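The structure appears below as structure tokens.
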Amino acid sequence: MTRLWKHGILIQVDKDARGQVQAFDWNGRKRAVEKVRQRWQVDSDWWTEQGRVHRDYSAVTTTDGLLCVLYFDFQDEQWYVSKLYD
Amino acid sequence: MTDAYAELHAHSHFSLLDGASSPEDLVRTAQELGLKAIALTDHNSLAGVVRFWKAAQSAGFHAIFGAEVTLEGDQHLALLVENREGYASLCRLLTAAYLMDTPRDSAGAMSTDAKLWPGKAKPAITWQMLEQDHRGLIALSGCRRGPVAAALLNRQPEQAKHATARLRDLFGRDRMWIELQHHYLPEDERLTTGLVQLARSLNLPIVATNNVHYALQSGSRLRDALLAIDQNLSLTEARRAGFLPYNSNFYLASPQEMAKRFRELPQAVKNTLAVAERCQFEPDFSSRRLPSFPVPSGLSEFEYLYQLCHQGLPKRYPQLKPAVLKQLAHELAVIEQAGLAGYFLIVWDIVRFSRERGIRCQGRGSAANSIVAYLLGITSVDPLAHNLLFERFLSSDRFTTPDIDIDFAADRREEVIQYVYERYGTSHTAMVCNVVTYQARSAVRDLGKALNFPLPVVDRLAKSIDWRSALPAADQILKSVDGEITAGHPLQMLSDLMRQIQDCPRHLAIHVGGMLITAQPLDEVVPLERATMPGRVVCEWNKDSVEDAGLIKIDVLGLRTLGLITEALSYIEGEPPDLDALPLDDPEIYAMLQRGDTIGTFQVESRAQQQMLPRHRPEKFEDIVVEVAIVRPGPIQGGAVHPYLRRRAGLEPVTYLHPSLEPALRETLGVLIFQEQVIRVAMVASGFTAGEADQLRRAMSRSRSLEAMQAMRDRFIQGALANGIEQATAEEIFRQLEGFASYGFCKSHAASFALIAYQTLHLKRYYAAEFYCALLNQQPMGFYSTEVIIGDAKRHGVELLPPEINQSDWNYLLERTLNGKRALRMGLRATLGLGESGWERILAARSQAKFSSLRDFCERTRLPQATVSNLVRAGLFDSFGSRRRLLWELGEIDYRPEELPLVLPVMEVHLPELEAGEETLWEYELLGLSPNGQLMRHYRPALQRAGVLTTAEVKAQPEGEYVRIGGMVAVKQRPGTAKGMVFISLEDEAGLVDVVVRPNVYEKFLPLLRHQLFILVEGVVQRGSGAISVLVTRAIEFRSLAGTIGEEKLRPPTAPDEYTPEYEGTAS
């Protein structure tokens, strides 16, 4: 089942020297990133009451078979899981 | 190796409602980031190229020119200009696209039929056009909307390959580049991979661009807002509909950032330099400006000009003095050296045509500094007699583009424009455009809607703004609410965006009269677009760009005053006066000026002028020249007005900041009033040559970079120090020059206008009936409403006859009354709801026989009953009976168009008389005024009881007297130069008086003073050197003292506007 979190679930990540995600903690386990499948950035909604959405998204696959969408929030400088495909 | 990059795809705000930065900002940021070059590629437009080029030129930066064109099928393609041929190709391509489907007659001339004219075009370049015009252009495959990228994104690799091959075959392998962009958008990587594969398979080079739409990332918000505005959607709606980009990465990226984005493809970044290196073109057309002028055989253009000037000498200078010949020889030498003989001949020819057709015209602006222009009849002011400065027009050491502006009678200007088109051909002639930019109100309206403010809020905000410019308005908006405004507050967002949008172009319009005539076919110089007006094309450059590109424009301006003069002269019985030969020393004229009796006259009629005149007390023509020039923002902001008036009145000594300035400023008592004085001061104080000094003046009068101004300042101060002027004095002189130069008139311009002012004063003084009749028929023009003009006419003994169905014409007429005087008969054109078609029916019926009754009128004109009712209520049938009775009768008359009348007898009834003021209100409603008297007279009994004085009574009060006064708002102003003061002219049945409201009082009594038809105030009488006004201390609800007669339904007849311009006329 695909799970989608509108505001993301805060996670801890390990990055390489170029800032790419190498691994992240999920459900108490460290998941190693096998490949960054796609990367894109969003900067929108700055005019809304909810406020600006300014994020750097990465669609990654993990070595244990997860496909997830992570994002780095430029505003609070934290990483989040946005979407998870089981 | 350090990273190096040239941006080859950048949009400025001339990509209308898409790009968010000015060309200057792009150049500055590119240079700061260390880019090697930047290309301007606006959407289907070269409107910004000259500004872009000039900015790059002064920064010493490599500018590349181009455009992102729209192909048929709404696909984008970036084209860069490699050389002059490429520039011409691009201009032709864009012109062809903009003018496609333009209706033409059998001879190929563009249709002027409004029904056929499609208006502005959304261009689409066909492949056929590209095949015809692509030489000298380099093609980049385009953004995601390009034919190649779009096909790849749609997973149509064969189509992408086909499109690429087609472009390669068209442009050639060395002029076609596969464009890679990386904005961190979804599918960027797949797209890049596909493009690189395609490039390899077709053996084409790759090149990186960033498809820039704003200089800095912070500009993305304005771009989002502009995109929403373009779609007429709110930002949220625009995002949902997919009109907004995903992110804010379309800024100018540094070489390092581009190297990072294209880490895997360094060649794409490196190749930008190779492309940039090839593009070496500059839009400088100064070497071939104008078409050759046909001259008699055996003569050169210059020889012909020489001959014409000498032919003009006897008329202009019956007593020829050596100084005249010396000045003429000097000017002719400069003109020959500058290669401008043909230019003068072209202008001379236009003026000749105009005069031959009886179209009144006169040159204005700096051209009046030239004796050549005077001898050719282009201008009417003798430059020697008025000590004018030729170097303000053209200088021998620096050939700046001269500017000749000519005013033509507005109602016949079109004939002149058509003549120019015919003479030089539509392929060499176009109107210059006017770039309409965002200002405070338009910014609030468009941005407010984008931010999804409720429309009533947008409306209220827009109306509450007291500024023309968006910058101070942005501050005002924040102050408009109580309490703190946080960063995310909608008003804060609006305010932030307003700061950014100031001066951002909104659309291109036609300049009021600028005509560009070129030697080269125009479509090789600048793209032409179809204008909204039928039969008109407009070039994409405004007047500054035309001038900076080294081209010459001629301003064919419309001036209603010249039409007024022609019309007034036509009414004069017997021989009309030769206004061009009037002696300029008539004491009667100066007496009028000294008492401010100037309503309806040219240039000296505004309330500000009328306040100044009794203090200035002009006594000779030179004083009128000063009067025209001094009520301008330049002298006001430069603090020149009061010193000049005090010195003139002998209240303070005439002094100079430095003795060397005396020759330059003596004629204006040491005060800076004319632009020419900026040049003279720079020459004497700092040793500038005439050309350099004019350059300084130009730099000051156009917005230049702070760095450029600083360099000018340093040069000025150094020169002044070398001339023995102390540092502090030199700085003060420069400060005064700077404060003045932006908004001052040149003396030659003021003198030309002063001459027309004198002519209108002469007509008003000696031919009042004819003058007012022409003035009323030329409305709207000038400063005052029809009602104010009629009040003035009555005060000058010109009787107003009400509109009458058997007597009135469409326009105002002159009728001889029983007392032998000529009176004004109101025309029907002011009658609400009649319209010209209604008038034509009346005229057709009346030409058979005069109307004998209301029934006769109805039966013969078959006008709708509602229209006839309006005519009755407006008093047109008063000669047939009372209005109430006639309205009753109208209801009894049974008639329908195209049917035979059914005659029914009118029942005899007893009808009560109309209430007091009811007829007057009807007249105000339907005619905009009452021929029988001013509305205020109906309130007078109540006002008198409440101690409210008439304007005449106020004028009789001594200085310092506390008075109460009420009236209709005739004019209301809040000039930017007056520090928030509001000036209101109140009119009543006795005349006009000015009231002055300080900002704190205005704010306190805002509801009683803003958007009101009537106002009532208390204040102190001020009698400053003859000018009378009331300084307001308090406002009172008008109706609380005056009562009401039902005027609430009326709209303000003059639509008092916070922004009525104080300074009429155009600085040149």
Side-chain angles (χ1 to χ4, degrees), chain A residues 2-8 11 13-22 24 33-63 66-85, chain B residues 144 182-193 213-214 217-229 233-240 242-251 259-261 263-264 447-453 486-497:
Chain A
T2 301
R3 278 176 284 169
L4 170 68
W5 295 274
K6 194 175 177 185
H7 297 294
I11 52 169
V13 301
D14 298 336
K15 293 176 286 183
D16 65 11
R18 282 160 52 185
Q20 295 264 29
V21 190
Q22 281 190 315
F24 61 94
V33 171
E34 177 198 45
K35 189 173 181 184
V36 177
R37 301 276 161 181
Q38 209 179 144
R39 193 174 156 204
W40 71 96
Q41 293 178 2
V42 169
D43 187 357
S44 184
D45 288 19
W46 50 267
W47 61 88
T48 62
E49 267 179 45
Q50 295 75 29
R52 179 184 185 189
V53 176
H54 191 194
R55 297 169 182 174
D56 188 351
Y57 283 89
S58 297
V60 303
T61 47
T62 62
T63 50
L66 285 179
L67 169 57
C68 14
V69 176
L70 317 176
Y71 69 82
F72 173 74
D73 191 313
F74 286 106
Q75 309 217 79
D76 63 9
E77 302 193 327
Q78 300 282 353
W79 281 87
Y80 297 86
V81 171
S82 167
K83 224 181 221 185
L84 194 88
Y85 303 87
Chain B
R144 285 181 167 222
H182 188 30
H183 295 107
Y184 298 101
L185 295 177
E187 307 218 68
D188 262 357
E189 283 162 36
R190 180 173 75 81
L191 177 59
T192 302
T193 305
H213 280 74
Y214 30 87
Q217 192 167 27
S218 55
S220 70
R221 292 187 176 198
L222 177 59
R223 188 198 179 206
D224 285 349
L226 292 172
L227 290 169
I229 290 168
L233 297 172
S234 70
L235 279 153
T236 301
E237 290 165 339
R239 178 175 60 71
R240 284 188 191 138
F243 289 115
L244 302 191
Y246 258 67
N247 61 40
S248 53
N249 293 336
F250 296 75
Y251 53 88
K260 189 177 148 199
R261 290 193 198 181
R263 185 179 287 111
E264 314 299 329
L447 292 171
K449 276 190 246 172
L451 289 167
N452 212 17
F453 285 23
T486 53
H489 193 287
L491 283 179
Q492 182 66 55
M493 286 184 211
L494 176 64
S495 176
D496 291 345
L497 289 169

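To find a chain, count down the sequence lines: A is the first, B the second, and so on, and within it residues start at 1. Just so you know, these numbers come straight off a predicted model, no measurement behind them. These values consider heavy atoms only, across backbone and side chains, with no hydrogens, waters or symmetry-generated copies.
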Part of B:N452 lying under 4.5 Å from any heavy atom of chain A: neither

Whether over 12 other heavy atoms sit under 6.0 Å from A:Q75 CD: yes

Contact summary for A:H54 and B:S248, nearest pair of heavy atoms: NE2-OG, 4.2 Å

A:Q41 (side chain) donor-acceptor with B:H183 (main chain) under 3.5 angstrom: no

Choice from B:D224, B:D188, B:L451 maximising heavy atom contacts with chain A below 4.5 Å: B:D224

B:Y246 atom OH, neighbour heavy-atom count above 12 within 6.0 Å: no

Euclidean distance, B:L244 CG relative to A:D43 CG, rounded to 0.5 Å: 11.0 Å

Partner chain A: residue of B:M493, B:R239, B:R221 with the largest heavy-atom pair count (under 4.5 Å): B:R221

Chain B contacts, top residue of A:W40, A:W47, A:Y57 (heavy-atom pairs, under 4.5 Å): A:W47

Nearest-0.5 Å distance that lies between atom OG1 in A:T48 and atom CG in B:L235: 10.0 Å

Interatomic distance, B:S220 atom OG to A:W46 atom CH2 [nearest 0.5 angstrom]: 8.0 Å

Heavy-atom proximity to chain A below 4.5 Å, by part of B:R263: side chain

